[in-house]
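Beneath this line is the structure, given in structure tokens, with notes to follow.
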Amino acid sequence: MKIATWNVNSLKVRQQHVIDWLELSRVDVLCLQELKLPDEKFPRADFEAAGFKSWFAGQKTYNGVGILVRDGVNVDEASIVRNIPGFDDPQQRVIAATVEGVRIVSAYFPNGQAVGSEKFAYKMRWLDALADWIGAEMKLHPKLALAGDYNIAPEDRDVHDPKAWEGQNLVSPEERAHFVRLVELGLTDAFRKFEQPEKLFTWWDYRMLAFRRNAGLRIDHILLSAELASLCSACEVDKVPRKWDQPSDHAPVIATIG
DNA sequence: ATGGCCTGCTGTGCAGGA
């Protein structure tokens, strides 16, 4: 089974890219973030025609997450959870589903804007709630994947210019400590389980010719529980769709299980 | 050179992203 995550920065704009990439990548499960559309505008029928069932938690303009699952792959309909239970939040950032016995969580972590800002404080509260919930989920589901746009570059090697970024939002020690807390729950960064090229990122600013200069960050991740990590045979970033016309600023990440 | 781009909105420039 291939599990992927992709921040599409508006599903309305990127719908055809997603459909093309599903065909190209042959993934079975695709976690989406930043849908930027309300549920009534989710193109469920178009994904159905492409051979995928979909579950989603959307809202107008901002945020929004989804999970697409290839036909023939078993999904427990009763297992769908939207948002972090007990964390009251109008922002749609989390959806979970149990797929072939694997707990899949598609998450769009808050950006945080700037260290010390109100949005950063919200990011910290959200991260606390997420870790509490994921810890509980892992007890219920030994096979769990937390996939999404984390808005955290875990280490300096995940940053094109660590000096320029030092202490900034997305790389600050406080954010990185939250990433470590997730790891300490027993999760493994699938990407780092394997040898990888130097300076391989998942996000590049639209400005400053950043993609061409590879001025990026690795902020999109798939973390796996121990049982799932032991079954993981590969993890890749696919930069191809970042080169397409009118691309998302994020590239998809793929983990192969089995 | 501290900006630059992209998206959605009911805007007539702004907020938000990262």
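Residues A:D161 and A:K199 are not paired through a salt bridge, judged by the lack of any N-O separation under 4.0 Å between the basic side chain and the carboxylate. A salt bridge links A:R70 with A:D28; the closest basic N to acidic carboxylate O contact falls under 4.0 Å. At a threshold of 4.0 Å, the pair A:D76-A:R103 does not count as salt-bridged, since none of the basic side-chain nitrogens sits closer than that to a carboxylate oxygen. Checked for salt-bridge contact, A:R176 and A:D156 meet the test: a charged N lies under 4.0 Å from a carboxylate O.
Ranking B:dG16, B:dC5, B:dG8 by closeness to the A:K12 side chain, first place goes to B:dG8. Each of B:dT7, B:dG16, B:dG17 was ranked by its minimum atom distance to the side chain of A:R14; first place goes to B:dT7.
Across B:dG4 and B:dC9, the matching P atoms stand 23 Å from one another, rounded to whole Å. Using atom P as the reference point in both B:dG3 and B:dA15, the two lie 16 Å apart (nearest Å). Between B:dC6 and B:dG11, the distance separating the two C1' atoms is 16 Å to the nearest Å. A distance of about 30 Å separates the P atoms of B:dT7 and B:dA1, rounded to the whole Å.
Taking atom CG of residue A:N63 and atom P of nucleotide B:dC9, one finds them 13 Å apart after rounding to whole Å. Distance A:R213 CZ to B:dG3 C1': 12 Å, rounded to the nearest Å. Rounded to whole angstrom, the span from the CH2 atom of A:W204 across to the P atom of B:dG17 amounts to 20 Å. We find that CD of A:Q113 is positioned 10 Å from P of B:dA15, with the value rounded to whole Å. Rounded to a whole Å, the CG atom of A:N9 is 13 Å from the P atom of B:dC9. Straight-line distance from the CG atom of A:L170 to the C1' atom of B:dG16: 13 Å, rounded to whole Å. Regarding A:Q59, its CD atom lies at a distance of 18 Å from the P atom of B:dT7, rounded to whole Å. Atom-to-atom, CG of A:L35 to C1' of B:dG17 comes out at 15 Å; the value is rounded to the nearest Å.
Of the two residues contacting DNA chain B, namely A:P38 and A:H250, the nearest-nucleotide position lying further toward the 5' end is that of A:P38. Between A:P247 and A:N151, the residue whose closest nucleotide on DNA chain B is further toward the 5' end is A:P247.
Shown here for A:V29 and A:M1, the closest heavy-atom pair between the two residues is CG2-SD, 4.2 Å.
A:D205 comes within contact range of no nucleotide atom at all, as no heavy-atom separation falls under 4.0 Å. Using a 4.0 Å heavy-atom distance criterion, A:Y108 is classed as a sugar-phosphate-only contact. Across all strands shown, A:D149 has heavy atoms under 4.0 Å from sugar-phosphate atoms exclusively, and none from any base. Residue A:N7 is classed as a sugar-phosphate contact, given heavy-atom separations below 4.0 Å to backbone atoms only. Counting non-hydrogen atoms under 4.0 angstrom, A:L37 reaches nothing in the nucleic acid. Backbone-only engagement by A:Q246 is indicated by non-hydrogen atom pairs under 4.0 Å involving sugar-phosphate atoms exclusively.
Residue A:T61 places no side-chain N or O under 4.0 Å from the OP1 or OP2 atom of B:dG16. In terms of phosphate contacts, A:K60 brings no side-chain nitrogen or oxygen within less than 4.0 Å of OP1 or OP2 of B:dC9. For B:dT2, neither phosphate oxygen OP1 nor OP2 lies less than 4.0 angstrom from any side-chain nitrogen or oxygen of A:R207.
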Show your working on side chain to side chain contact (heavy atoms under 4.5 Å, CB included) between A:W55 and A:V69 and close with a plain yes or no. CA-CA 9 Å; A:W55 290 269; A:V69 181; 3.9 Å; yes
